[in-house]
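Written out below as structure tokens is the structure these notes cover.
FYI, the numbering just counts along the sequence from 1. Indexing begins at 1, ligand by ligand and atom by atom, following the structure's order.
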Amino acid sequence: MEPKVLIMGPPGAGKGTQSTRIAEEYGLEHITTGDALRSNKEMDISHLDAEYDTPGEFMDAGDLVPDAVVDAIVAEALDSAGGFVLDGYPRNPDQAEALDGMTDLDVVLALNVSRAELIDRLTGRRVDPETGENYHVEFDVPDDDAVRERLVQREDDTREAVENRLDVFEAETEPAIQQYHDHEGYVEIDGEQSPDAVWSDIDAAIRGKVEGS
Ligand code: AP5
Ligand code: MG
């Protein structure tokens, strides 16, 4: 059984960290709009007549990239996926509606973390440019010196962009999460625990939903 899992939550909640683990343990595809967009930051989207002409400009400001761009990324990725964990989409009610027309979900995980903790996590996050793996200057330091020395900061992890991303989350993404409260696969997870404790709750939630269905 390859479950179809959606993971939602604010910037810095641990969606990427936990999705990597879910994908590994359950043999699922990790579909993430954030990573897909970061690989296409310079794509010309001027035909959309939006505020900026490339995804990267929206991202560095902490704003949402236009729906048409992300809807197309997800539709294409879902087309070739069996079981998956979807991370970073939907981020507003219109995207939730679009997703509804693309697939059925077995599990919807909602990670909860306080704003103060999110700011600490995001401003301290560092990324390994070679593997894409996330680390943290305090909470998750790599053992390997070579890895530690090559870590970089994401361009939207500055204090200003982080504050804007959290505001955008509250205004646009929280209402989308609300729409899943009555979904039979919906589970809230306390994301403020250690990564292993969060994983253990997620693993139990997925098993519970899949075995209970
Ligand atoms: P995206 O890349 O999706 O970023 P995000 O949602 O802001 O979330 P993050 O990746 O920052 O956080 P995360 O929840 O994955 O946490 P992580 O595991 O890394 O999107 C970026 C941008 O792309 C958006 O702003 C937008 O512009 C655009 N975009 C993407 N999707 C879009 C869409 N659908 N529509 C429109 N635009 C879209 O963890 C964070 C840090 O905390 C790490 O350092 C980690 O080591 C640490 N950490 C993780 N778990 C714990 C823990 N339990 N305890 C302590 N530290 C922890
Ligand atoms: Mg992420």
Side-chain angles (χ1 to χ4, degrees), residues 6-23 30-41 43 45 48 50-52 54-75 77 85-96 98-99 109-114 116-128 132-142 151-158 161-170 172-174 176-177 189-202:
L6 171 62
I7 187 163
M8 303 184 86
K15 300 183 298 295
T17 303
Q18 298 296 334
S19 294
T20 305
R21 194 144 176 198
I22 298 168
H30 180 193
I31 300 174
T32 157
T33 47
D35 288 355
L37 290 167
R38 269 184 289 283
S39 312
N40 291 285
K41 275 185 118 175
M43 183 168 63
I45 54 169
L48 295 176
E51 191 176 353
Y52 305 112
T54 60
E57 290 167 276
F58 288 93
M59 298 172 80
D60 292 349
D63 289 332
L64 296 186
V65 174
D67 290 350
V69 178
V70 281
D71 290 348
I73 290 173
V74 175
V85 51
L86 177 58
D87 152 19
Y89 180 98
R91 265 179 143 91
N92 63 30
D94 285 343
Q95 293 181 13
L99 179 62
L109 303 166
L111 289 176
N112 292 322
V113 179
S114 68
E117 168 80 12
L118 294 169
I119 291 172
D120 284 350
R121 286 189 190 177
L122 291 170
T123 51
R125 171 169 52 193
R126 298 293 182 272
V127 184
D128 181 348
E133 194 87 19
N134 286 327
Y135 294 93
H136 192 280
V137 289
E138 202 181 321
F139 310 138
D140 185 8
V141 181
L151 295 181
V152 295
Q153 185 169 32
R154 242 169 70 171
E155 285 178 49
D156 60 347
D157 279 346
T158 59
V162 163
E163 295 277 2
N164 187 43
R165 285 160 64 199
L166 293 171
D167 290 345
V168 168
F169 170 78
E170 283 166 22
E172 305 200 38
T173 311
E174 257 177 4
I177 297 178
I189 303 283
D190 175 4
E192 208 152 320
Q193 316 170 78
S194 70
D196 283 343
V198 175
W199 162 251
S200 150
D201 284 359
I202 286 179

Distance (rounded to the nearest 0.5 Å) between [X] [atom1] and [Y] [atom2]:
{"X": "Lys41", "Y": "Asp60", "atom1": "NZ", "atom2": "CG", "result": "3.5 Å"}
{"X": "Ile119", "Y": "Leu166", "atom1": "CD1", "atom2": "CG", "result": "5.5 Å"}
{"X": "Asp63", "Y": "Glu51", "atom1": "CG", "atom2": "CD", "result": "6.5 Å"}
{"X": "Phe169", "Y": "Leu64", "atom1": "CZ", "atom2": "CG", "result": "11.5 Å"}

Between [X] and [Y] (side chain of the first, backbone of the second, donor and acceptor by atom type, cut-off under 3.5 Å), is there such a pair?
{"X": "Gln153", "Y": "Thr123", "answer": "yes"}
{"X": "Lys15", "Y": "Gly9", "answer": "yes"}
{"X": "Asn164", "Y": "Ala61", "answer": "yes"}
{"X": "Thr20", "Y": "Gly16", "answer": "yes"}
{"X": "Ser19", "Y": "His30", "answer": "no"}

For [atom], the protein heavy atom that lies nearest, with its residue and separation:
{"atom": "atom 23 (O) of ligand 1", "result": "Met59 CE, 3.4 Å"}
{"atom": "atom 29 (N) of ligand 1", "result": "Leu37 CD1, 3.4 Å"}
{"atom": "atom 53 (N) of ligand 1", "result": "Gln193 O, 2.9 Å"}
{"atom": "atom 2 (O) of ligand 1", "result": "Arg38 NH2, 2.8 Å"}
{"atom": "atom 35 (N) of ligand 1", "result": "Gln95 NE2, 2.9 Å"}
{"atom": "atom 9 (P) of ligand 1", "result": "Arg125 NH1, 3.4 Å"}
{"atom": "atom 10 (O) of ligand 1", "result": "Arg154 NH1, 3.2 Å"}
{"atom": "atom 49 (C) of ligand 1", "result": "Thr17 OG1, 3.5 Å"}

Given [options], which has its nearest heavy atom closest to [atom]?
{"atom": "atom 27 (O) of ligand 1", "options": "Leu64, Asp63, Val65, Ile7", "answer": "Asp63"}
{"atom": "atom 3 (O) of ligand 1", "options": "Lys15, Arg91, Glu57", "answer": "Arg91"}
{"atom": "atom 42 (O) of ligand 1", "options": "Glu155, Arg121, Glu133", "answer": "Arg121"}
{"atom": "atom 44 (O) of ligand 1", "options": "Trp199, Tyr135, Tyr89", "answer": "Tyr135"}

ring-ring contact (aromatic ring centres under 6.0 Å, His included) involving His136 - partner list, sequence neighbours excluded
Phe139

Does a side-chain N-to-carboxylate-O contact under 4.0 Å join Arg121 and Asp140?
no

Part of Ser19 with heavy atoms under 4.0 Å of ligand 1, whether side chain, backbone, both or neither
neither

Using a 4.0 Å heavy-atom cut-off, say whether Arg126 meets ligand 1 through its side chain, its backbone, both or neither.
neither

Consider side chain to side chain contact (heavy atoms under 4.5 Å, CB included). Of Val168, Asp67, Val70, which one does Asn92 pass it with?
Asp67

Which of Thr32, Thr33, Leu6 passes side chain to side chain contact (heavy atoms under 4.5 Å, CB included) with Tyr89? Answer is Thr33

N/O to N/O below 3.5 Å, does that happen between Gly14 and ligand 1?
yes

Polar contact flag for Gly12 and ligand 1 (N/O pairs, less than 3.5 Å):
yes

State the atoms of ligand 1, each with its element, that fall below the 4.0 Å cut-off from a heavy-atom position in [X].
{"X": "Thr33", "result": "30 (C), 31 (N), 32 (C), 34 (N)"}
{"X": "Asn134", "result": "17 (P), 19 (O)"}
{"X": "Gly34", "result": "1 (P), 2 (O), 3 (O), 20 (O), 30 (C)"}
{"X": "Ser194", "result": "53 (N)"}
{"X": "Gly16", "result": "13 (P), 15 (O), 18 (O)"}
{"X": "Leu122", "result": "11 (O)"}
{"X": "Arg165", "result": "4 (O), 5 (P), 7 (O), 9 (P), 11 (O)"}
{"X": "Pro10", "result": "14 (O)"}

Measuring from the heavy atoms of Ala13, does anything fall under 4.0 Å of ligand 1?
yes

Any side-chain donor near an acceptor of the partner, Glu117 and Ser114, under 3.5 Å:
no

Arg154: what forms a salt bridge (Lys or Arg N to Asp or Glu O under 4.0 Å) with it, not counting sequence neighbours?
Asp156

